[in-house]
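For reference, the structure is listed below as structure tokens.
Values reported hereafter were calculated over all heavy atoms of this structure, with side chains retained and with hydrogens, waters and symmetry mates removed. Within every chain, numbering begins at 1; the chains are lettered A, B, ... in the order of the sequence lines, protein sequences first and strands thereafter.
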Number of protein chains: 2
Amino acid sequence: MGTTTAERPSGFEQSGFDAFTALCPSRRLLDTIGDKWVSLAIVALGLRGPLRYSELASQIEGVSQKMLTQSLRKMERDGLLTRTVTPSVPVRTDYELTPLGQTLLPVLAHLKEWAEDHMAEVDEARTAYDSKV
Amino acid sequence: MGTTTAERPSGFEQSGFDAFTALCPSRRLLDTIGDKWVSLAIVALGLRGPLRYSELASQIEGVSQKMLTQSLRKMERDGLLTRTVTPSVPVRTDYELTPLGQTLLPVLAHLKEWAEDHMAEVDEARTAYDSKV
DNA sequence: CGGGATCCCCCGCGATACTG
DNA sequence: CAGTATCGCGGGGGATCCCG
């Protein structure tokens, strides 16, 4: 726990200030799930199990072919999902979350929880801020 | 393309995840804390209490003055922190997390926890992926 | 069907200079 | 000290074409 002041949420003191370097784990996680298509793909795969490329593309609205492929490759490289190519004609490719990738679902659920609990306050603050400027 | 109505398959609403529209709260939260300087500023203010502009600038290594100001303004607008200007000579400006902003600290702590628990696996997966390609 | 390769545009961001 | 204003570029990402 905090060595300085009480009332500080635990979890940040131990690692010191490596959160302020580019290579810190938290930073890299945010870089990953902060990617719009990455997080959407994780949620889609988490909800519906394995999906084909075209299924992902149709469910994640607005994603370009290039960005979807790019995001999926990055996730595969990071071990978050598996990519299974069936060399039929035409080709079939299935994507599925790995156990590691599945551990991100609760994390995203926490984000969702905060968002649903507090985003209305953000909107109010934003409206108030804009109205007086 | 813009904000066309999402034509996603039925069933997402039930699941609780509505992440496939651009305006969904979770999406907006990720847009906020996905911002490198925003999350770093929140952590810095959470750890060390109120800080002056120059203190934030020195603690968040590598941030440009423009981006720091821009991020802080956005956070103020969203009600995540307060900006207090003391019209002395020279001017003094203090930034402090609001109660709303403080509620983000546990969320970021969760992210940090996942990162510390699993980022090593990501690195292994990444190394394995790179070595066989 | 599931991409890879290419072109190109936009704007986010840094650097710099100036002000209250 | 804590910003604002302006310029310039680099690269992220969409659009398009093509291929196995």
Measuring to OP1 and OP2 of D/dC1, would you say a side-chain N or O of B/Thr93 lies under 4.0 angstrom away? no
Kindly say if B/Ser54 contacts the phosphate of D/dA2, meaning a side-chain N or O under 4.0 Å from OP1 or OP2. yes
Specify the separation, in whole Å, of atom CG of B/Asp31 and atom P of C/dG12. 13 Å
Taking atom types as modelled, is there a side-chain donor on A/His118 or A/Glu121 under 3.5 Å from an acceptor on the other? yes
Counting heavy atoms from C-beta on, name the nucleotide in C/dG4, D/dG13, C/dC13 closest to the side chain of A/Met67. D/dG13
Roughly how many Å is it from NZ in B/Lys66 to C1' in C/dG14, rounded to a whole number? 7 Å
Report yes or no: does A/Ser88 contribute a side-chain atom to a donor-acceptor pair with the main-chain N or O of A/Val91 at less than 3.5 Å? no
d(CG, B/Leu72; P, D/dC1) in whole Å: 17 Å
Nearest-Å distance, CD (A/Glu55) to C1' (C/dG2)? 13 Å
Nearest whole Å is fine: how far is D/dA2 C1' from B/Glu76 CD? 14 Å
Is the shortest distance from a Lys or Arg side-chain nitrogen in A/Arg27 or A/Asp31 to a carboxylate oxygen in the other one below 4.0 Å? yes
Range-with-range stems for DNA chain C, at least three Watson-Crick or G-U pairs under 3.5 Å: C:1-20 with D:1-20
Trace of the salt bridge (charged side-chain N to carboxylate O under 4.0 Å, His left out) decision for A/Asp123 with B/Arg28: CA-CA 11 Å; A/Asp123 284 328; B/Arg28 292 172 53 206; 2.7 Å; yes
Write down the distance between CZ (A/Arg73) and C1' (C/dA5), rounded to a whole number of angstrom. 14 Å
Under-4.0 Å side-chain N/O to phosphate OP1/OP2 contact, B/Arg83 with D/dA2: no
Looking only at side-chain N and O atoms, does B/Thr84 offer a donor or acceptor that is under 3.5 Å from a partner on B/Tyr95? no
Side chain of A/Gln65 - closest among C/dG3, D/dT4, C/dG14: C/dG3
Are OP1 or OP2 of C/dG3 and a side-chain N or O of A/Tyr95 less than 4.0 angstrom apart? yes
Which residue lies more 5' along DNA chain D, comparing B/Arg92 with A/Ser64 via nearest heavy atoms: B/Arg92
Send over the distance from A/Gln70 CD to C/dG2 P, rounded to a whole Å. 18 Å
B/Asp35 CG to C/dC13 P: how many Å, rounded? 7 Å
It should be established whether A/Arg52 places a side-chain nitrogen or oxygen under 4.0 Å from OP1 or OP2 of nucleotide C/dC1. no
Using a strict threshold of under 4.0 Å (side-chain N to carboxylate O), is an ion pair present between B/Asp35 and B/Lys74? yes
Please determine, for the side chain of A/Trp37, which listed nucleotide (C/dG20, C/dG14, D/dG14) has the closest atom? D/dG14
Could A/Arg126 and B/Asp78 be called an ion pair, given the rule that one side-chain N must be under 4.0 Å from one carboxylate O? yes
